[in-house]
2 protein chains.
Amino acid sequence: MTSFTEENYLKVIYKLSSETDSEVSTNAVAEQTQTKAASVSDMLRKLSEKKLVSYQKYQGVRLTAEGEKVALKVIRKHRLWEVFLVEKLGFNWDEVHDIAEELEHIDSEKLVAKLDEYLGFPSFDPHGDPIPDHHGVMPAQTYLTLAEIKKGEEVIMMGVSEHSSAFLQYLDKINLVLGTSIEVLDINNFDKSLQIILSQENSLFITHEVSKNILVKVQ
Amino acid sequence: MTSFTEENYLKVIYKLSSETDSEVSTNAVAEQTQTKAASVSDMLRKLSEKKLVSYQKYQGVRLTAEGEKVALKVIRKHRLWEVFLVEKLGFNWDEVHDIAEELEHIDSEKLVAKLDEYLGFPSFDPHGDPIPDHHGVMPAQTYLTLAEIKKGEEVIMMGVSEHSSAFLQYLDKINLVLGTSIEVLDINNFDKSLQIILSQENSLFITHEVSKNILVKVQ
DNA sequence: GAATAATTTTAGATTAATCTAAAAATTAGT
DNA sequence: ACTAATTTTTAGATTAATCTAAAATTATTC
């Protein structure tokens, strides 16, 4: 069995190694788990003994196939619960992360299966993140960031890569929500800020930093 | 803040002291929490320091008003989640206890409020147990056990006082579920076993032990 | 390519929750 | 009311997860 704490480490290692696609450093894990490097070292040794990660001292860490399986289960549960909270209970998308961080550790295969069915087998969570299926397979997701879109193109907002409440509330305020069509009217060469039109109606400016965190698909 | 473990102790103390309406013994708590008396002593000292219980060495323990408030919140969450699992996800009533034991510790006032609303503010869980409202007030519940009903009387099944999977599955098998009408046809003087008629149709025998664990109301 | 800086690991403690074994207090039996 | 039985508490350990401080390793820079 994996503890609450071990599951969190595996989840963090999964996230970091899928971002960089290489070994994850002790410090990076410490930062994400809000612990100290010394604590991470200890835990990596322990997870390594359990064959959930492959770990060479001083050389960073990777998930084993088994560890990835556990991480994907936790991520699956997290995202399914987020869908539940938003779709069924009426939470806003900026309110659900912390609650899902707790719910993701509830241990019942049958519960996950029934929840999945109840929600209609969703492929994406309220932030547009893909939900692994019960085999741990992630739905294909080939999005671009809004920062990569050329002037004149029109795209649809499909997700975010920053999940902070502050960012999500800002997007709500400017009516930039999942499914919105976005046309890039103009790109400022100096600071890469954008002028965009939402739903062929509202024109507004956003910074490059914001555009980098918005995931879109070309129509 | 109260830990997962502390919450379980408070819940057990609540349950035991509402059964006997007096101080709860260390051994009784140990039995319910599946721990040893020595561990209970330690925990009672700790809960006492936190003012969640009033505890005199060797004299048993009671909840303080504050401790009862915490216990009732946990019980409320447990029972609401059980309703969710049965009503929304389609679980059987004998499958939900262990899952609700985990869900009851999820910490979000807003989640509880929204879940309650989503479920239509239920007053009783799938076993007929009353659900405290958001002030911690239990709905009035003045049931008798089937063992107390006289020959010839007809009652409605409202709940159970034994929650084991084995017992609940047995009730399912004999079609004795919440809401069923039960007429006491005959009472065996020797062993107090009963002959009953369910829904004015099926006649069957049940033991005294079973009848003691079935809660009913007179029509 | 040595010296310095940064990162990572180890050593030794701490906290929460548990245990066993022994001591202390309470309860029961005659 | 005194002894015996039972219950409860204390003492001392253990495990999981964390920490700080010091040591070891790796990376960087001149």
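In what follows, chains carry the letters A, B, and so on, assigned in the order in which the sequence lines appear, proteins first and then strands, with residues in each chain numbered from 1. Model, not experiment: these values are computed from the prediction.
- The backbone N or O of A:Ala28 sits nowhere less than 3.5 Å from a side-chain atom of A:Glu31 that would complete a donor-acceptor pair.
- Ring geometry, A:Trp81 versus B:Trp81: the interplanar angle exceeds 60°, so the pair is classed perpendicular (tilted spans 30 to 60°).
- Going from atom CE of B:Met43 over to atom C1' of D:dT10 covers 17 Å, rounded to whole Å.
- A:His127 pairs in a side chain to side chain contact (heavy atoms under 4.5 Å, CB included) with only one of the listed residues (A:Leu178, A:Leu215, A:Val160), which is A:Val160.
- To the nearest angstrom, C1' of D:dT9 lies 11 Å from CZ of B:Arg45.
- If you measure from atom CE of B:Met1 to atom C1' of C:dA16, you get 15 Å, rounded to the nearest angstrom.
- Across A:Glu104 and A:Glu7, no two heavy atoms sit closer than the pair O-OE1, 4.4 Å.
- Ring pair A:Tyr118/B:Tyr118 is perpendicular by interplanar angle, where above 60° counts as perpendicular and below 30° as parallel.
- Rounded to an integer number of Å, the gap from NZ of B:Lys36 to C1' of D:dG12 is 17 Å.
- Nearest heavy atoms, B:Ile99 versus A:Ser108: CD1-OG, 3.5 Å.
- B:Lys50 has its NZ atom 10 Å from the C1' atom of C:dA16, to the nearest Å.
- Note: CD (B:Glu23) to P (C:dT27) measures 12 Å, nearest angstrom.
- Using a 4.0 Å cut-off on heavy atoms, none of the residues of residues 5-14 of chain A approach DNA chain C.
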(message) Within the 4.0 Å limit for protein heavy atoms, which parts of nucleotides 4-9 of chain C are touched? Write it as a string from 5' to 3', B for base, S for sugar-phosphate only, - for none.
(response) ---SBB
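- Among all heavy-atom pairs drawn from A:Lys77 and A:His105, the shortest one is NZ-C, 4.2 Å.
- B:Lys57 pairs by the salt bridge (charged side-chain N to carboxylate O under 4.0 Å, His left out) definition with nothing, not counting sequence neighbours.
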